[in-house]
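Chain naming here is simple, since letters A, B, ... match the order of the sequence lines and numbering starts at 1 in each. As the structure is a prediction and not an experimental result, all values here were calculated from the model. Values reported hereafter were calculated over all heavy atoms of this structure, with side chains retained and with hydrogens, waters and symmetry mates removed.
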Amino acid sequence: MTTSRRRVMTKPGLKRTFQRLLRHYGPQHWWPADAPFEMMAGAVLTQNTAWSNVARALSNLTKRGLLAPETIIELPNERLAELVRPAGYFNVKARRLKNFCAWYLEQGGYEVLSSLATPDLRRRLLSVNGIGRETADDILLYAFNRPVFVIDAYTRRLFTRLGHICGSEDYETLRNMFETKIGPDVPLYNEYHALIVRHAKEICRKLPRCSECCLALHCPFSV
DNA sequence: ACCCAGGGTCATA
DNA sequence: TATGACCATGGG
């Protein structure tokens, strides 16, 4: 007898929550990018930033045919900062983007990186100044199709309010928990994270600081 | 005018 | 290990 059998009036499981989100919102088609490198650049630029702003920054680069590690690495910091300006933190992000590009080229590019085992690839991503846990995991999942469950602030809030976690667990603990409970499943992780973000945009902006209902699936304003 | 966004680094205790 | 300051644009 599995443990899921014991749910009576309690919270829905992780997969159940996923099904409800998917049924309500439909597939989100993440990550919005035409190529792995574009996805990775977007991951750096979207740190604590609305995607609409990131899209402008990416557009500034693509319009000029500059969205490649070889070209970005050659741009003067001031010029790159001006191009990514709409994404905010432009000085910081110009530097981080360059750091990443330098690393990416010195590692040998996408094909070489693809041949690495996930833990190794993750460690190398984290060694880049400007790539933290969440950004590394975004890249692992959406650019390298690795079964890595991304933990962001929305994920914490949602599952805290659903009662799965207390919320103060550290990043690795939560990632491990979700990956263990769900099991390795790239398409599911992909869609799940996208749906969580979609749900947050949908509900949370309408109900700022709603500690009880916001992001909770049983909430009348929710799914 | 205020709040927030698809975080991360660095200095400090 | 764990806070806090800092980075900065654009939309609600």
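Look at OH on A:Tyr171: it is 12 Å from C1' on B:dG6, rounded to the nearest Å. A straight line from CG of A:Asn53 to P of B:dG6 spans 9 Å, rounded to a whole angstrom. Atom CD in A:Glu202 sits about 13 Å away from atom P in B:dG6, given to the nearest Å. Rounding to whole angstrom units, OH of residue A:Tyr192 and P of B:dG6 are separated by 19 Å. A straight line from CZ of A:Phe90 to P of C:dC7 spans 11 Å, rounded to a whole angstrom. Here B:dG6 presents its C1' atom at 12 Å from CD of A:Gln28, a figure rounded to the nearest Å. What separates CG of A:Asp170 from C1' of C:dT3 is a distance of 15 Å, to the nearest Å. A:Leu80 places its CG atom 13 Å from the P atom of C:dA8, with the value rounded to the nearest Å.
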In B/S/- notation (B base, S sugar-phosphate only, - none; protein heavy atoms under 4.0 Å), nucleotides 7-13 of chain B written 5' to 3' is BBSS---

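Between A:Tyr25 and A:His199 there is a side-chain heavy-atom pair separated by less than 4.5 Å. Annotation: side chain of A:Thr155 is not in contact with side chain of A:Leu174 (no heavy-atom distance under 4.5 Å).
Contact between the side-chain N/O atoms of A:Arg157 and the OP1/OP2 oxygens of B:dA5 is found at a separation under 4.0 Å.
For the pair A:Ser115 (side chain) and A:Val112 (backbone), a donor-acceptor distance under 3.5 Å is present. Side-chain atoms of A:Lys98 come within 3.5 Å of backbone atoms of A:Leu75 as a donor-acceptor pair (strictly under, hydrogens ignored). No donor-acceptor pair under 3.5 Å is formed between the side chain of A:Arg161 and the backbone N or O of A:Phe159.
With salt bridges taken as basic N to acidic carboxylate O contacts below 4.0 Å, one links A:Asp137 and A:Arg122. No salt bridge links A:Arg156 with A:Asp152; every basic N to acidic carboxylate O contact stays at or beyond 4.0 Å.
Using a 5.5 Å limit on the distance between ring centres and a 30° limit on the angle between planes, the aromatic ring of A:Tyr154 does not count as stacked on the six-membered base ring of B:dA5. The side-chain ring of A:Trp51 is not stacked on the base of B:dA5, judged by centre separation under 5.5 angstrom and plane angle under 30 degrees.
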If pairs are Watson-Crick or G-U with both distances under 3.5 Å, what is the dot-bracket string of DNA chain B, marking crossing pairs with [ ] and pairs to another strand with |? .||||.|||||||

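A:Tyr189 has its ring centre no less than 6.0 Å from the ring centre of A:Phe178.
Within the nucleic acid shown, A:Asn91 comes within 4.0 Å of sugar-phosphate atoms alone, with no base atom in reach, counting heavy atoms only.
Nucleotides B:dG6 and C:dA5 have their P atoms positioned 23 Å apart, rounded to a whole Å.
In the hydrophobic clustering of this structure, A:Val128 groups with A:Leu45; members are Ile, Leu, Val, Met, Phe, Trp, Tyr whose side-chain heavy atoms approach within less than 4.5 Å, directly or through other members.
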